[in-house]
2 protein chains.
Amino acid sequence: MSNYSVGQIEDFAEIFKALSNPNRLKIFLSLTSCCKPGTVGVIDRDCSVYIGELADEVAVVKSTVSHHIKELKRVGLIKTERQGQKIACWVDPEMVEALHRFFKF
Amino acid sequence: MSNYSVGQIEDFAEIFKALSNPNRLKIFLSLTSCCKPGTVGVIDRDCSVYIGELADEVAVVKSTVSHHIKELKRVGLIKTERQGQKIACWVDPEMVEALHRFFKF
DNA sequence: ACTATAGTTCGACATATATCGAAATATAGT
DNA sequence: ACTATATTTCGATATATGTCGAACTATAGT
């Protein structure tokens with residue numbers, strides 16, 4: 001059927017679910033937009049955005065952004081780290097690479 | 001924020017929603033698995049699967065597969081064509097290409 | 001200790017989804 | 001016309017989701 005196991009297919013389905021909400025997708029793109037080409041594979045925590053900024057950009061309440069961030073994190077698309085009062089968020093380049101390969105035929 | 005318009009982001013979100021159900025993703029992969037590398041860009045209707053076969057592969061009832069096919073078609077991921085009693089389904093290689101580019105950073 | 005700022009958790013609500021089985025429609029062969 | 005096969009539509013049901021606002025927690029600065 002394909003070279004992915006049932007478990008892997010379910011994992012990818014979860015990832016696509018995380019990207020299936022327009023606001024969550026905007027958040028994801030907002031985070032990827034600060035990862036320039038060539039930085040794939042390099043964990044670059046300087047290249048990160050705070051939750052409050054995301055709420056402004058996407059125009060939803062902070063509690064909703066928090067919920068979305070949790071979901072993106074749960075499926076492994078992003079990483080977070082507390083920096084003082086704020087939480088820095090950035091995408092995991094390896095996940096993006098995996099998705100890139102997923103659609104390579 | 002990113003080089004995609006709000007409309008485009010919403011379209012991609014719809015596509016990811018279509019792929020967010022494990023059974024629908026299995027159907028999609030089942031259809032892509034018969035598109036060998038090099039056939040991208042070529043509309044190859046010989047390379048297609050019927051709905052009854054998909055129901056067997058994915059192990060859900062045919063009415064459910066029909067519903068999933070409709071959804072995959074609605075977002076443009078697949079194409080269908082009646083061939084006698086049966087409906088042939090195949091993926092649109094351009095959509096796969098677009099998704100491949102989406103995750104290119 | 002107090003205050004301001006940032007983020008999280010909770011409860012509530014409305015809306016969407018996946019699935020099934022039964023009934024309906026379409027096509028092909030006799 | 002009848003029958004068998006393939007697919008679609010419909011109705012029902014259970015479950016999941018996105019969003020908000022209010023209350024709560026965490027951190028930093030004074």
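These numbers were taken from a predicted model, which means no experiment stands behind them. Here is the naming used below: chain letters follow the sequence lines, and residue numbers restart at 1 for every chain.
- Rounded to an integer number of Å, the gap from B:Asn21 CG to C:dA16 C1' is 13 Å.
- Residue B:Ser66 places at least one side-chain N or O under 4.0 Å from the OP1 or OP2 atom of D:dT8.
- Between A:Phe12 and B:Phe28, the ring center distance fails the sub-6.0 Å criterion.
- Between the CG atom of B:Leu54 and the P atom of C:dT19 there is a distance of 14 Å, given to the nearest Å.
- Spacing between atom CG of A:Asp56 and atom P of C:dT5 amounts to 14 Å, rounded to whole angstrom units.
- At C:dT19, one or more side-chain N or O atoms of B:Asn23 fall inside 4.0 Å of OP1 or OP2 (strictly under the cut-off).
- In this structure, A:Leu72 atom CG and D:dT17 atom P are separated by 14 Å, rounded to whole Å.
- Under a 3.5 Å cut-off, the side chain of A:Arg24 and the backbone N or O of A:Ala18 do form a donor-acceptor pair.
- Listed pair B:Lys70 / D:dT7 fails the phosphate criterion, with no side-chain N or O lying under 4.0 Å from OP1 or OP2.
- Of the side-chain N and O atoms in A:Lys86, none sit less than 4.0 angstrom from OP1 or OP2 of D:dA28.
- Protein atom CD1 of B:Ile87 is 18 Å distant from nucleotide atom P of D:dT5, rounded to whole Å.
- Contact annotation for B:His68: backbone-only contact, meaning every heavy-atom pair under 4.0 Å involves sugar-phosphate atoms and none involves a base.
- Between A:Glu71 and A:Lys17, none of the side-chain N atoms (NZ, or NE/NH1/NH2) sits under 4.0 Å from a carboxylate O, so this pair counts as no salt bridge.
- With D:dG18, D:dC20, C:dA16 as the choices, the nucleotide that has an atom nearest any side-chain atom of A:Thr64 turns out to be D:dC20.
- The side chain of B:Arg24 places an N or O atom within less than 4.0 Å of a non-bridging phosphate oxygen (OP1 or OP2) of C:dA18.
- In this structure, the NE2 atom of B:His67 is 12 Å from the P atom of D:dC10, given to the nearest Å.
- Of the side-chain N and O atoms in A:Arg82, none sit less than 4.0 angstrom from OP1 or OP2 of D:dA26.
- Both B:Val65 and A:Val60 lie near DNA chain D, and the one whose nearest nucleotide falls closer to the 5' end is B:Val65.
- Pairing each heavy atom of B:Leu19 with each of B:Leu25, the nearest pair is O-CB, 3.7 Å.
- Panel note: side chain A:Thr32, backbone A:Leu29; a donor-acceptor pair is recorded below 3.5 Å.
- Straight-line distance from the CD atom of A:Glu10 to the P atom of C:dA18: 14 Å, rounded to whole Å.
- Whole-Å rounding puts the A:Gln85 CD to D:dT27 P distance at 10 Å.
- Checking the phosphate oxygens (OP1, OP2) of D:dC20, no side-chain nitrogen or oxygen of A:Lys62 falls inside 4.0 Å.
- Each of C:dA16, C:dG7, C:dA28 was ranked by its minimum atom distance to the side chain of B:Lys17; first place goes to C:dA16.
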